[in-house]
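Working notes, beginning with the structure itself.
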Amino acid sequence: MAATRRIVIENGSVATVDADGTEYASGYVVLAGDRIEAVGAGRAPGGLGHVVRRIDAGGHLVTPGLVNTHHHFYQWLTRGLATDHNLFDWLVALYPMWARIDEPMAYAAAQGSLAMMARGGVTTAMDHHYVFPEGAGDLSGAIIRAAREMGVRFTLARGSMDRSEKDGGLPPDFAVETLDGALAATEATVDEHHDPSFGAMTQVAVAPCSPFSVSTDLLAQGAELARRKGVRLHTHGSETVEEEKFCHELFGMGPTDYLASTGWLGEDVWMAHCVHMNDSDIAAFARTGTGVAHCPSSNARLAAGIARVPDLLAAGVPVGLGVDGTASNESGELHTELRNAVLVNRLGPHREAALTARRALRLGTYGGAQVLGRSRELGSLEPGKLADLVLWRMDTLAHASIADPVAALVLGAAAPVTASFVGGEQIVENGRLLRVDEDAIARSTRAEARRLAGLTGRG
């Protein structure tokens with residue numbers, strides 16, 4: 001690999017998360033430009049040219065960067081509200097606020113959401129944004145701009161809603177788009193922002209919101225649009241028992257069968273939550289290669305239930321982790337989902353055999369890359385892959401007495417991030433973001449949250 005510069009990381013524990021789960025108690029990673037050039041045990045090879053930096057990773061665990069597969073950035077402005085509601089009641093309570101979002105709010109909320117994830121080890125983020133009030137400005141552009149400034153790799157799932165209260169849906173009538181308007185705006189977003197190339201920093205997916213906020217026509221035509229444009233598809237699926245009941249009452253079938261009838265199963269599709277799935281649903285996902293974004297904290301916060309993650313994995317379904325919107329996961333951090341995935345799933349029927357610490361790390365890295373369709377580029381530390389990786393400090397009070405660094409990362413307290421790289425460029429140093437001002441973001445998000453509250457009579 002021709003390299004303009006190399007960064008050598010050595011003397012740390014390395015969890016590659018490759019197909020064999022290779023780990024080194026003391027190893028090295030060599031970055032060449034935006035790629036990983038070499039990974040191995042012991043010291044890095046001698047005689048390397050163009051070395052611009054050497055990092056002593058003693059006391060650290062080196063892993064692939066975390067990959068978030070489901071989020072709603074705008075909800076950063078409505079954290080801590082409707083804290084004792086189930087999903088449908090929570091949506092009804094908050095839709096009137098969300099329908100007042102404008103471009104400055106979307107930008108500030110994206111900054112807050114991205115900053116919290118990036119400083120906690122996320123190198124690839126996604127946002128499912130589906131609220132587009134008339135006259136709100138360029139919301140998609142604002143969200144993408146925030147990600148670009150932060151330096152993280154990013155997928156915008158351009159969402160939409162066209163089934164409002166008058167059509168039997170949950171969103172207020174003024175909060176939705178028309179069918180034609182949503183499809184046209186989604187196609188324009190793909191045309192303007194999607195980069196299909198290896199190493200892309202920005203990609204776009206087609207993402208009508210959910211069966212209870214989207215018409216059958218929007219789902220079907222959205223799937224046709226995505227496949228015509230060669231981009232991925234994303235939506236919510238089988239999140240709650242209320243959704244199951246809704247689909248049976250309106251469509252005469254469960255969510256998986258309904259989504260399948262509109263073209264929404266396939267290797268280019270991933271769905272959020274997938275909590276209430278029967279054996280037939282899981283088999284359909286496995287047969288078609290449909291992916292799942294598992295959001296354990298949000299599922300617990302909204303009392304949605306425990307997803308059958310061990311069964312999904314056993315069937316061969318691609319599964320990644322998601323923060324979900326910060327109005328249902330106020331911490332907004334993906335690394336806490338590693339721990340919660342293990343703990344929540346062990347409350348289910350598989351008990352202690354449900355998930356291991358290493359399986360959870362795999363969900364948060366390679367599994368996420370699979371779900372986003374980028375497993376050739378991301379999710380493991382292997383030569384030729386993109387240089388997206390994190391150095392977690394493991395020699396402080398919180399973790400020093402835990403001999404197994406992977407168990408320490410997954411089951412212990414949130415580990416400090418000493419360094420985080422995206423495409424070989426460092427974006428975090430000693431827990432602080434390098435490209436943006438965290439304190440300024442805190443002030444702007446607080447101001448925009450207050451402005452939104454004032455507009456909706458909650459200030």
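Note that these values count all heavy atoms, side chains included, but never hydrogens, waters or copies made by symmetry. Numbers here are sequence positions counted from 1.
No side-chain heavy atom of Leu361 sits less than 4.5 Å from a side-chain heavy atom of Arg358.
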side-chain hydrogen bond (donor to acceptor under 3.5 Å, both in side chains) evaluation trace for Asn345 with His294: CA-CA 11 Å; Asn345 281 282; His294 176 44; 3.2 Å; yes

Given the rule in the ring-ring contact (aromatic ring centres under 6.0 Å, His included) test, do Tyr130 and Tyr74 qualify, once you have shown the distances and angles that lead to the verdict? CA-CA 10 Å; Tyr130 52 81; Tyr74 72 89; 5.8 Å; yes

Between Thr178 and Asp180, is a side-chain hydrogen bond (donor to acceptor under 3.5 Å, both in side chains) present by the stated rule, with each step listed? CA-CA 6 Å; Thr178 65; Asp180 291 342; over 6 Å; no

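Separation of atoms CG (Asp127) and CG (Leu139) is listed at 10.5 Å; rounding is to 0.5 Å.
By the ring-ring contact (aromatic ring centres under 6.0 Å, His included) test, His71 is found to be paired with Phe73, residues two or more places apart in sequence or in another chain being considered. Residues meeting the ring-ring contact (aromatic ring centres under 6.0 Å, His included) test with Tyr366, sequence neighbours left out: none. Every side chain to side chain contact (heavy atoms under 4.5 Å, CB included) that Thr186 has, sequence neighbours left out, goes to Arg158, Val206, Leu225. With sequence neighbours left out, Ala315 forms a side chain to side chain contact (heavy atoms under 4.5 Å, CB included) with Ile282, Ala286, Val317.
Counted by atom type alone, Asp18 and Ser380 present zero donor-acceptor pairs between their side chains at under 3.5 Å. Counted by atom type alone, Thr418 and Trp392 present zero donor-acceptor pairs between their side chains at under 3.5 Å. A donor atom on one side chain and an acceptor atom on the other are not found under 3.5 Å apart for Thr445 and Gln111. There is a side-chain donor-acceptor pair under 3.5 Å between Ser331 and Asn329. Between the side chains of Asp217 and Ser215, not a single donor N or O lies within less than 3.5 Å of an accepting N or O. In the model, Ser297 has a side-chain atom that pairs as donor or acceptor with a side-chain atom of Asn340 under 3.5 Å.
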Show me the side-chain donor-acceptor pairs of residues 434-443 shorter than 3.5 Å, one per line, residues at least two apart or across chains.
unit_1	atom_1	unit_2	atom_2	d
Asp437	OD1	Asp439	N	3.0
Asp437	OD1	Ala440	N	3.1
Glu438	OE1	Arg119	NH1	2.7
Glu438	OE1	Arg432	NH1	3.2
Glu438	OE2	Leu433	N	2.9

Return a table of donor-acceptor pairs under 3.5 angstrom between the side chains of residues 81-97 and protein atoms on other chains or two or more places apart.
unit_1	atom_1	unit_2	atom_2	d
Asn86	OD1	Phe88	N	3.3
Asn86	OD1	Asp89	N	3.0
Trp90	NE1	Ala327	O	3.2

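Heavy-atom contacts from other residues, nucleotides or ligands closer than 6.0 Å to CZ of Arg446 number 12 or fewer.
Between the side chain of Arg374 and the main chain of Ala200, a donor-acceptor pair closer than 3.5 Å is present. Put simply, the side chain of Asp388 gets close to the backbone of Gly423: a donor and an acceptor are under 3.5 Å apart. With hydrogens and angles ignored, the 3.5 Å screen pairs a side-chain donor or acceptor of Thr290 with a backbone N or O of Gly266. In this structure, the side chain of Gln426 engages the main chain of Val428 through a donor-acceptor pair within 3.5 Å. Under a 3.5 Å cut-off, the side chain of Arg163 and the backbone N or O of Val214 do form a donor-acceptor pair. Between the side chain of Asp257 and the main chain of Gly254, no donor-acceptor pair closer than 3.5 Å is present. Under the 3.5 Å distance criterion, the side-chain polar atoms of Trp76 are left unmatched by any main-chain donor or acceptor of Thr326. With hydrogens and angles disregarded, no donor-acceptor distance shorter than 3.5 Å links the side chain of Glu337 to the backbone of Val323.
Aromatic ring centroids of His234 and His70 lie under 6.0 Å apart.
With Lys229 as the fixed residue, the salt bridge (charged side-chain N to carboxylate O under 4.0 Å, His left out) test singles out one of Glu187, Glu192, Glu224: Glu187. Test Val67, Val371, Leu338, Asn68 against Leu321 for side-chain contact (heavy atoms from CB on, under 4.5 Å) and you get one pass: Leu338.
Using the six-membered ring where Trp is involved, His273 and His236 have ring planes that are parallel, under 30° apart on the 30 and 60° scheme.
Cation-pi check for Arg145 over Tyr107 is met; the charged atom lies under 6.0 angstrom from the ring centroid and within 45 degrees of its normal. Cation-pi check for Arg100 over Trp98 is not met; the charged atom does not lie both under 6.0 angstrom from the ring centroid and within 45 degrees of its normal.
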